[in-house]
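Everything below concerns the one structure shown next.
What you are looking at is a predicted structure, and each value in this text was computed from that prediction instead of being measured.
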Amino acid sequence: MLTTTAELTTVTLQNLGESRFKNWYLDISGSTGDLMLSEQLVSGAYWKLDDHGDGIVSFQNLGESRFKNWYLDISGSTGDLMLSEQLVSGAYWKLDDHGDGTVSFQNLGESRFKNWYLDISGSSGNLMLSEQLVSGAYWKLPDISSKIDEIKKRLEDYIKDNFAVGNKRNAHIEEFELRGIVLYFKVRVQSKEEKREPVIGLVTVYSLTYHVEGNINLIIPDPDKIEICVDAPWPVNKICRTGRDIAAAILMSQ
């Protein structure tokens with residue numbers, strides 16, 4: 001499940017290790033704050049993913065408990081998984097995208113566990129760190145594949161409203177490919193203005209066809225400096241929108 005705005009991304013994380021805990025969710029105990037896995041999608045299994053740039057992220061728990069907004073962290077001395085109220089060194093993680101929504105996370109805290117992976121014990125389901133990228137260190141980020149038709153419609157509407165001009169606008173997706181958590185798209189756009197003149201009837205003032213093309217990250221919002229632009233003849237001229245804004249628009253209610 002995924003909720004996105006320009007400010008944050010709410011995610012769930014399901015473990016993909018080959019164990020009886022496959023597809024269980026990263027969760028917390030609302031009473032103790034201990035990290036755990038849950039078979040069901042409960043309150044503590046929702047996390048706010050914050051993007052710090054260059055694939056570095058942090059996670060704040062969104063469960064309705066006294067640990068709400070606490071960060072996923074590790075103990076620098078033992079490597080145990082824990083929650084921290086503050087955004088400290090061990091609460092930073094490097095997200096690696098392996099395609100198809102499959103990711104892994106390496107801890108970036110300044111400790112001997114730096115670059116170790118977020119993992120689980122296949123026998124007990126306990127959360128742990130592993131030095132190697134093993135089966136239990138693979139996680140599934142929100143599955144947007146079931147919402148493809150909705151996302152396509154929102155993308156076409158956004159492109160039509162933001163990259164076209166005139167009273168007859170149209171946008172049609174020609175290419176659409178999910179590459180892991182990155183969406184590549186190419187949209188054909190028509191900007192057209194018509195008006196009705198006495199005697200002559202309907203007159204086309206202008207009609208332009210061009211393409212809007214780009215890549216946007218659907219999970220970790222792109223920095224504001226990453227823009228998708230089109231440079232077309234008058235009256236379109238140059239129009240740019242940030243990848244962050246496009247992602248927010250097309251995923252708004254997911």
Side-chain angles (χ1 to χ4, degrees), residues 1-12 46 48-51 53-55 57 62 97 99-101 141-254:
M1 185 172 182
L2 172 66
T3 306
T4 303
T5 71
E7 303 301 325
L8 62 89
T9 303
T10 300
V11 300
T12 56
Y46 289 95
K48 175 184 172 184
L49 184 152
D50 290 302
D51 172 34
D54 298 322
V57 299
L62 295 179
D97 177 19
D100 301 321
L141 271 173
D143 178 14
I144 64 169
S145 60
S146 61
K147 303 289 185 179
I148 290 299
D149 289 341
E150 252 180 79
I151 292 171
K152 284 183 174 180
K153 177 64 166 59
R154 286 204 180 97
L155 177 61
E156 287 181 334
D157 288 345
Y158 183 90
I159 298 296
K160 180 179 66 176
D161 293 341
N162 289 272
F163 287 90
V165 298
N167 57 15
K168 297 289 184 180
R169 305 181 182 191
N170 187 51
H172 176 71
I173 292 173
E174 291 187 346
E175 296 183 45
F176 185 99
E177 182 183 352
L178 277 174
R179 301 168 177 171
I181 59 177
V182 175
L183 169 64
Y184 165 75
F185 64 88
K186 183 177 182 180
V187 181
R188 179 173 50 80
V189 184
Q190 183 182 42
S191 290
K192 187 175 182 179
E193 179 77 21
E194 294 181 342
K195 66 177 182 179
R196 191 168 295 279
E197 296 283 3
V199 182
I200 302 174
L202 195 63
V203 174
T204 298
V205 180
Y206 59 80
S207 181
L208 297 171
T209 301
Y210 46 93
H211 289 89
V212 177
E213 181 178 11
N215 295 282
I216 54 174
N217 195 310
L218 297 179
I219 302 300
I220 306 176
D222 290 314
D224 286 333
K225 64 182 179 181
I226 304 298
E227 293 184 325
I228 306 298
C229 297
V230 64
D231 199 350
W234 180 91
V236 176
N237 302 319
K238 186 172 184 178
I239 300 175
C240 294
R241 296 292 184 269
T242 66
R244 177 185 290 264
D245 285 346
I246 298 173
I250 66 177
L251 292 173
M252 190 173 297
S253 66
Q254 300 309 307

Distance in Å, Ile216 CD1 paired with Tyr184 OH, rounded so as to fall on 0.5 Å steps: 12.5 Å
Tyr210 vs Ser191 side-chain heavy atoms within contact, under 4.5 Å: yes
Validation row: Ile226, Arg244 side chains within 4.5 angstrom (heavy atoms): no
Val189 and Val230, any side-chain heavy atoms less than 4.5 Å apart: no
Distance (rounded to the nearest 0.5 Å) between Arg241 CZ and Asp161 CG: 10.0 Å
Non-hydrogen atoms of Glu213 and Ile228 that approach each other most closely: O-CG2, 3.6 Å
Atom pair CG/CD1 of Leu155 and Ile159 - distance to nearest 0.5 Å: 5.0 Å
Considering all heavy atoms, the nearest Pro235-Val165 contact: CG-CG2, 3.9 Å
Side-chain heavy-atom pair Ile246, Tyr158 within 4.5 angstrom cut-off: yes
Side-chain (Arg188) to main-chain (Thr209) donor-acceptor, under 3.5 angstrom: no
Over all atoms of both residues, closest heavy-atom pair of Glu174 and His211: OE1-NE2, 3.0 Å
Exercise: identify the closest heavy-atom pair between Arg154 and Ala249: CD-O, 3.5 Å
Pairing of Asp149 and Lys153 as salt bridge, 4.0 angstrom limit: no
Pair Lys152 + Glu156: basic N to acidic O under 4.0 Å: no
Side-chain touch Val187/Phe163, heavy atoms, less than 4.5 angstrom: no
Over 12 non-hydrogen atoms of neighbours within 6.0 angstrom of CG in Asp54: no
Heavy-atom side-chain contact between Ile250 and Leu183 under 4.5 Å: yes
Shortest non-hydrogen contact between Leu208 and Trp234, atoms and distance: CD1-O, 3.4 Å
Salt-bridge criterion met for Lys195 and Glu193 (N-O under 4.0 Å): no
Interatomic distance, Thr242 atom OG1 to Glu227 atom CD [nearest 0.5 angstrom]: 7.0 Å
